[in-house]
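The figures here come from the full heavy-atom set of this structure, side chains too, leaving out hydrogens, waters and symmetry mates. Throughout, numbering of the chain's residues begins at 1 and tracks the sequence.
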Amino acid sequence: GLKRKQPRDPCSSSDGTEDSDFSADLEHAEVSETAQRRSSTRLTRLSLRLSQSSQDNCSSAQTSVFSSGRRVTRSQQGATNPTGKKYPLRQSRSSGSDTEANGESSTDLKQGADRDETPPRTPTGNAPSSESDIEVSSPSNDLDERLAKELSLKEAAAHELSHRPKRRRFHESYNFNMKCPTPGCNSLGHLTGRHERHFSISGCPLYHNLSADECKGKASTRDKQAEERTLSHRQDENRHSTRNQAPTERQLRYKEKVTELRRKRNCGLNKEQKEKYMDHRQSHGTNREPLLENITSDYDLELFRKAQARASEDLEKLRLAGQASESSNMIKTIVFGRFELDTWYHSPYPEEYARLGRLYMCEFCLKYMKSQTILRRHMAKCVWKHPPGDEIYRKGNISVFEVDGKKNKIYCQNLCLLAKLFLDHKTLYYDVEPFLFYVMTEADNTGCHLVGYFSKEKNSFLNYNVSCILTMPQYMRQGYGKMLIDFSYLLSKVEEKVGSPERPLSDLGLISYRSYWKEVLLRYLNNFQGKEISIKEISQETAVNPVDIVSTLQSLQMLKYWKGKHLVLKRQDLIDDWKAKETKRGNSKTIDPTALKWTPPKGT
């Protein structure tokens, strides 16, 4: 740092010997082990001599002492102090060698400042303030020489360190525990050439068969081309603008150049190139991008690389802004028909879709897309207006379709991925062939809109009639969940089986099933006229598992044990409450068994 210039005292020596005594170089000081052990004593003697010398010369001198590259200072403030003030000097903790000082010659180790260009630090780690004790007085003729010497040493040090890579402060959102999913990648570099690290395939140079240095070189080339293009556009703006304006000579030359580049492209791959491509695919599989050389012209390939880099840069900005969570790949919202739904849980969509944060879905074929534009184009040509499979139930605008997971595998996989966004315990995503899916829809003039669905195994060893059940969030709390549950038990009745949902149930699923079982039991008890009731008879008539019946009776406090027998209490108050709710609710959200046109599949 710069040393503050002090007014020269007339009582001080004119030849500057007092100041020059502190200008010896640390590198030429020979320090022995004995000097190291006695460094504390010698520094104390030095402080006493400095004190005595300053008192005799009536000068206000400041001492700047460096020990092994670390500055140790104390300033003398009491020129008027009659007694000599002692200057305890702090020892350096970073080196094992100290400077040996003589009586009349001491060291102002400016080389320590050359080694460390940062301001000296106090014991608390802070830079000294303006009131600190780092003030060195020097003659005016030495100040310019010292400043020039310091400047030259700084330039030399900067030149020596110019070849070293600069230390870069990473963005606060960089989590160094995150890793790139590409096998063998160390997460260094970025496809755009503008970032030091990456955490996704979109920014991985290794995945794109490039190195970090190659990405940086391509980035500089793209920047130069952008500057040239901007300059040419500015020149074109000077022309008179008309609606039907002829292309400029530069544009015509560029068009001819592109045409020539595309004409020179090799139409096919030779044998060696084909073997190289096959070896690359066999060794890396889907963990690397396929080799793209000679597939198209160099011009088109470069355009594709630019588009990749631009998309990767946009994704990096979204991630840093917090709009996309690459650490968890959590899809936050989906656009589904005329609704925009907030998701609840993570779903294992492919990474290139999951990292976007928002998906656009066709509500009929359930295909997921990346942007509104792609969705709009898809909807213009999508011919689906209802789920695939057979329509086995219709009453009013409510329909149910039976979809075989083996015949319509893609649709069922997309349905499972969609359901996982709103279910916590679901584990079925891709193995959909052993299952049947029953999809409930609500029809209008635009098509059959997905309301909910449930799936069941084709051959269930434990007689589970539901494996997974979901009501879409926009149709919740409207009675559709109970309709789906009632429809699953209706199928069990037709099959002449007793059914039960597969465990574990989600929180909302357990609430829905408990409510449905309660209504079934209260309806049965309301219509029952006998004196003795059997759990088995209730199960056979309602197709509800006896275990579920007993648990529901216990929760309603209608099952008692008295004199060695289990008694079912008919609580009229609960039955009256149920009647009042049924009257208020109406029959709009109920399943009509007569509207079912279905026969059990073979093998079930």
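G193 and K216 get closest at one heavy-atom pair: O-CG, 3.9 Å. Of all the heavy atoms in L484 and L470, the pair that sits closest is CD1-O, 3.6 Å. When all heavy atoms of I201 and P181 are compared, the closest pair comes out as CG1-CG, 3.7 Å. Across C365 and Y411, no two heavy atoms sit closer than the pair O-CD1, 3.7 Å. Listed here is the closest heavy atom pair of T590 and Y393: O-OH, 4.1 Å. Of all heavy-atom pairs spanning G499 and S492, the tightest one is CA-OG, 4.2 Å.
Side chain of D300 to main chain of L303: no donor-acceptor pair is present (N/O by atom type, distance under 3.5 Å, no hydrogens or angles). Side chain of S283 to main chain of D279: a donor-acceptor pair is present (N/O by atom type, distance under 3.5 Å, no hydrogens or angles). The main-chain N or O of I331 is found under 3.5 Å from a side-chain atom of T343 such that the two form a donor-acceptor pair. For the pair S312 (side chain) and Q308 (backbone), a donor-acceptor distance under 3.5 Å is absent. In terms of modelled atom types and a separation under 3.5 Å, the side chain of R281 and the main chain of T286 share no donor-acceptor contact. For the pair K420 (side chain) and H346 (backbone), a donor-acceptor distance under 3.5 Å is present.
Comment: E340 engages R358 in a salt bridge, judged by a side-chain N to carboxylate O separation of less than 4.0 angstrom. A salt bridge does not link D342 to K332: none of the charged side-chain nitrogens sits closer than 4.0 Å to a carboxylate oxygen. Ionic pairing of D390 and K597 is not present here: no N-O contact between side-chain nitrogen and carboxylate oxygen is shorter than 4.0 angstrom. Using a 4.0 Å cut-off between a side-chain N of Lys or Arg and a carboxylate O of Asp or Glu, R394 and E391 qualify as a salt bridge. Using a cutoff of 4.0 Å between basic side-chain nitrogens and carboxylate oxygens, D548 and R514 are not scored as salt-bridged. Salt-bridge annotation for R305 and E289: present, with a side-chain N of the basic residue lying under 4.0 Å from a carboxylate O of the acidic one.
Just one residue in the list Y345, Y349, W344 forms a side-chain contact (heavy atoms from CB on, under 4.5 Å) with L421, and that residue is Y349. Of the listed residues (C468, S347, C416), just one forms a side-chain contact (heavy atoms from CB on, under 4.5 Å) with L423, and that residue is C468. Each of F364, F339, F336 was evaluated against H449; a single residue qualifies, F364, per the ring pair (Phe, Tyr, Trp, His ring centres under 6.0 Å) test.
Expressed to the nearest 0.5 Å, how far CG of L261 lies from CD of E256 amounts to 12.0 Å. Summarising the geometry, atom CD belonging to Q372 is positioned 10.5 Å from atom CD1 belonging to I374; distances are rounded to the nearest 0.5 Å. A distance of 6.5 Å separates CG in L490 from NZ in K493, rounded to the nearest 0.5 Å. Between S467 atom OG and K458 atom NZ the span is 12.0 Å, to the nearest 0.5 Å. Considering CG of L418 and CG of L450, their distance stands at 7.0 Å, rounded to 0.5 Å. C412 SG to F437 CZ: the interatomic distance, rounded to the nearest 0.5 Å, is 4.5 Å.
There is no side-chain donor-acceptor pair under 3.5 Å between N209 and H284. Between the side chains of S211 and D213, not a single donor N or O lies within less than 3.5 Å of an accepting N or O. S220 and D223 share no donor-acceptor pair across their side chains, judged by distance under 3.5 Å alone. Side-chain contact annotation: K482 with S512, donor-acceptor N/O pair under 3.5 Å absent. In summary, the side chains of E313 and H190 do not present any donor paired with an acceptor at a separation below 3.5 Å, with no hydrogens or angles considered.
Residues Y277 and H280 fail the side-chain proximity criterion, which asks for heavy atoms closer than 4.5 Å. Side-chain contact between L292 and F304 is present, with heavy atoms from C-beta onward closer than 4.5 Å. Within the 4.5 Å cutoff, side-chain heavy atoms of E495 are placed close to those of W598. For the pair L291 and K276, the minimum side-chain heavy-atom distance is below 4.5 Å. Within the 4.5 Å cutoff, side-chain heavy atoms of T441 are placed close to those of P387. M369 has its side chain out of reach of M361: every pair of non-hydrogen atoms, C-beta onward, lies at least 4.5 Å apart. Taking 4.5 Å as the limit, every side-chain heavy atom of E457 sits out of range of all side-chain heavy atoms of P434.
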(request) Using the ring pair (Phe, Tyr, Trp, His ring centres under 6.0 Å) rule, take Y360 and Y368 through it: C-alpha gap first, then chi angles, then the decisive distance, then the call. (result) CA-CA 6 Å; Y360 299 83; Y368 45 90; over 10 Å; no
(request) Could you walk me through whether L375 and M379 pass the side-chain contact (heavy atoms from CB on, under 4.5 Å) test, one step at a time? (result) CA-CA 6 Å; L375 176 62; M379 296 302 296; 3.9 Å; yes
(request) Show the numbers, then the answer: is there a side-chain contact (heavy atoms from CB on, under 4.5 Å) between V494 and L596? (result) CA-CA 10 Å; V494 175; L596 177 65; 3.9 Å; yes
(request) Could you please spell out the steps behind the side-chain hydrogen bond (donor to acceptor under 3.5 Å, both in side chains) verdict for E442 and Y480? (result) CA-CA 10 Å; E442 187 179 51; Y480 290 105; 2.9 Å; yes
(request) Before giving the answer on side-chain contact (heavy atoms from CB on, under 4.5 Å), spell out for L415 and V439 the whole-Å C-alpha distance, their side-chain angles and the decisive distance to 0.1 Å. (result) CA-CA 10 Å; L415 183 60; V439 184; 4.1 Å; yes
(message) side-chain hydrogen bond (donor to acceptor under 3.5 Å, both in side chains) for S371 and T373? Distances and angles first, verdict last.
(response) CA-CA 5 Å; S371 66; T373 303; 4.6 Å; no
(request) I would like to know whether D486 and Y516 meet side-chain hydrogen bond (donor to acceptor under 3.5 Å, both in side chains); could you show each step before the answer? (result) CA-CA 8 Å; D486 195 13; Y516 174 78; 3.1 Å; yes
(request) Apply side-chain contact (heavy atoms from CB on, under 4.5 Å) to the pair L341 and M472, showing each step before the final yes or no. (result) CA-CA 9 Å; L341 308 176; M472 294 297 292; 3.9 Å; yes
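Both the sub-6.0 Å distance and the 45° axial angle are satisfied by K370 relative to the ring of Y353. For the pair K456 and F435, the cation-pi criterion (under 6.0 Å, within 45° of the ring axis) is not fulfilled.
The aromatic rings of Y438 and F454 sit parallel, their planes meeting at an angle under 30°, below the 60° perpendicular limit. Ring-plane geometry between H386 and F401 is classed as parallel, the angle between the planes falling under 30 degrees on a 0 to 90 degree scale with a further cut at 60.
More than 12 heavy atoms of other residues, nucleotides or ligands sit less than 6.0 Å from atom CZ of R503.
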